[in-house]
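A quick write-up on the structure given underneath.
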Amino acid sequence: LHKQDGKQLLQLFMEQRQQTQIRLFEWLGASGNRLSYLPSWYTLMQSLLWRQDETLTAETLSILQLAVSIGLRESPTQAEARAWAEWLEHFLETDKQKTLRSLAAMISYQMQQHIAIPVNLPSSVADDTVVTLSTIHAAKGLGFSRVLLVGCQSANWEDAPQADVLPIPLALKALIYPEASTQDDLARLFYVACTRAEQALHCSYHEEDGKGSSALLQPLLDWGMELQDNRDRHFNIPPVEQYKVHADDDWNRLVEERCARYALSPTGTHHWSDCQNRFFITQLIKVPGMGSEATAFGNLMHDLLKIIGKSPSMQHDSGLLEKTVNHLFKVAWFRFHPLHLDAYRRYALWLLPRYLEKHPLPEKPVFVEKAFQQMSPAGMRIKGILDRVEVDGDKVKMVDYKTGRRRDPLEPFGDNNNPGSAYWRQGMIYAGIMQSVYPDAQTFEFAFHYLEDEASEEVLAVAPHAGLDSWLHTVWEEIMALRLKKSCGDPDCLYCLVMQSVGKEVI
């Protein structure tokens, strides 16, 4: 809406809101007498709402542009219209959904991140004092005295990987597509980039995976472009001061406190086997990691199943399920990229009923998301959180939810250097805990539920394992004595590099 109308309309709406729970958009539709342009604007917006999940068409975009013009009471300048058209063209080339909803999500994200759509305005500044960083698409129709075209290696052009496309060798592709339309499109785009230069053109590339410059450069070389080899050129790197952290009393107290409270978990054994420096930082000292959208989605699915486990009747109420999913995603929005949030939410709405249809939750599970901890006679503390526990007579069944595809084969214990796969150890450790909780039970079963797999259940028959118990006690003793391997063997491991930089005196 026109910026001068917003404050007045909002004040009127809030006065009305005290008397009724009418929504803002509905109220605007009934308030045409307050602003002369509101009825026609509201009709256009209503039409857009009906089309929000349809593929964008020229008609939809024209309605959108008309609604904006009416609301702002002004039309975009020629430069603004050109900038919008170029930005929209790039959006339609790269966005998978190409709907009004995904367009709004992209614009919302750019507003949150303060990413403006650049508008090239006439400038009185001399061209030789300005450096413009631009994509090729954004530079269409513009001219520059000098152009530096970077990334001219074939890996960025004809050999660039294509998302969601079956990889086909170029020679075979030429037989399948004799027209070679993709190559022609690349050549046209490369031509656009080169012809932006009015006085001088510089192209650069580097070798990548044994591949050098793009074949698109060859005509320029044939026409006399000079090729300069800069592989032996060296640059002066400014010196970087390094600091070494020495152990002090506060540090020693922190480590002793962590060790005194630490209990070994399946996740802890996985990190220990993977990298003992990573274990020290993330599990013992508990420096939090950056997290990921996949982890956030997994945590939300666990939260949803925990809620349903405590009120199993709601799994048969689709409306309540949808409301619960929407609420959790609204609370945890900050864990996701703004453009991915709605896709994850809709995926959860599809995935949850699909899983519950295959594996309905029992009306009365014994435990849901229950934390356990026990201590062995030798003093080893071990803990875990079980997603679900069901007891049927003398049979105890444990269920652990897994989001993502099945990746970890259930390989059993071999020896101390091969103590079994991570999921196998998890099932055995949890079973050991349950054996102490239910000493009279005869059968223990551990089931992994892969929410996203067609074969969604994998059952592990569990029993006491002397080799695993011995390995766990050895690991426990190493942790309590802080005897850690200096390196996991990966030269690029961040955790090993960190511990090397601070010095091993800290432990």
Side-chain angles (χ1 to χ4, degrees), residues 78-95 106 110 113-163 165 167 169-171 173-174 179-240:
Q78 185 176 0
E80 289 171 341
R82 183 169 59 248
W84 166 251
E86 292 171 352
W87 183 90
L88 185 62
E89 178 185 4
H90 181 69
F91 169 81
L92 293 174
E93 288 177 354
T94 56
D95 188 69
M106 173 61 81
Q110 293 204 185
Q113 302 299 321
H114 306 287
I115 302 174
I117 299 175
V119 178
N120 293 309
L121 300 174
S123 174
S124 59
V125 182
D127 289 342
D128 58 357
T129 64
V130 175
V131 176
T132 301
L133 180 64
S134 172
T135 63
I136 297 175
H137 287 288
K140 286 181 180 179
L142 303 178
F144 305 91
S145 58
R146 298 173 182 83
V147 169
L148 175 60
L149 183 59
V150 299
C152 295
Q153 56 268 26
S154 62
N156 285 343
W157 291 87
E158 62 266 28
D159 293 330
Q162 298 182 25
V165 176
L170 292 178
K173 186 181 291 185
E179 300 297 326
S181 58
T182 302
Q183 191 73 10
D184 292 345
D185 290 342
L186 291 176
R188 281 191 286 269
L189 185 60
F190 201 83
Y191 174 81
V192 168
C194 295
T195 52
R196 299 311 91 207
E198 297 172 348
Q199 298 176 15
L201 171 66
H202 304 269
C203 300
S204 68
Y205 69 89
H206 69 270
E207 294 182 352
E208 185 173 329
D209 297 330
K211 298 176 181 178
S213 65
S214 167
L216 299 170
L217 269 180
Q218 192 57 47
L220 295 175
L221 298 175
D222 294 340
W223 294 335
M225 175 179 272
E226 297 180 5
L227 188 63
Q228 181 179 1
D229 190 344
N230 291 320
R231 283 178 292 188
D232 295 329
R233 178 172 291 183
H234 299 283
F235 300 92
N236 294 324
I237 300 176
V240 179

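None of these values were measured; they are calculated from a predicted model.
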Before giving the answer on side-chain contact (heavy atoms from CB on, under 4.5 Å), spell out for Leu149 and Ile136 the whole-Å C-alpha distance, their side-chain angles and the decisive distance to 0.1 Å. CA-CA 9 Å; Leu149 183 59; Ile136 297 175; 4.2 Å; yes

Got His90 and Glu86 here, is their nearest side-chain heavy-atom distance under 4.5 Å? no

Quick one, Ile117 and Gln110 - any side-chain contact, counting heavy atoms below 4.5 Å? yes

Please identify which of these residues, Ser213, Ser214, Cys152, meets the side chain to side chain contact (heavy atoms under 4.5 Å, CB included) condition with Cys203. Cys152

Does Leu201 reach the side chain of Thr195, with side-chain heavy atoms less than 4.5 Å apart? no

Trp87 side chain near Met106 side chain, heavy-atom distance below 4.5 Å: yes

CG (Leu148) and OG1 (Thr132) are apart, to the nearest 0.5 Å, by 12.5 Å

Nearest 0.5 Å please: distance from the CG atom of Leu216 over to the OH atom of Tyr191. 14.5 Å

Would you indicate whether the side-chain heavy atoms of Phe190 and Leu217 approach each other to under 4.5 Å? yes

Any chance you could lay out the side-chain contact (heavy atoms from CB on, under 4.5 Å) test for Leu220 and Cys194, step after step, and finish with the verdict? CA-CA 10 Å; Leu220 295 175; Cys194 295; 3.9 Å; yes

If you look at every heavy atom in Pro219 and Ala215, which pair is closest and at what distance? CD-O, 3.8 Å

When you measure from the side chain of Arg196 to the backbone N and O of Leu142, does any donor-acceptor pair fall under 3.5 Å? yes

Check whether any side-chain heavy atom of Trp84 lies under 4.5 Å from a side-chain heavy atom of Val119, and answer yes or no. no

State whether the side chain of Glu198 and the backbone N or O of Arg146 hold a donor-acceptor pair below 3.5 Å, judged by distance alone. no

Around Gln78, counting heavy atoms of other residues, nucleotides and ligands shown, do more than 12 lie under 6.0 Å from its CD? no

With sequence neighbours excluded, tell me which residues meet salt bridge (charged side-chain N to carboxylate O under 4.0 Å, His left out) with Asp222. none

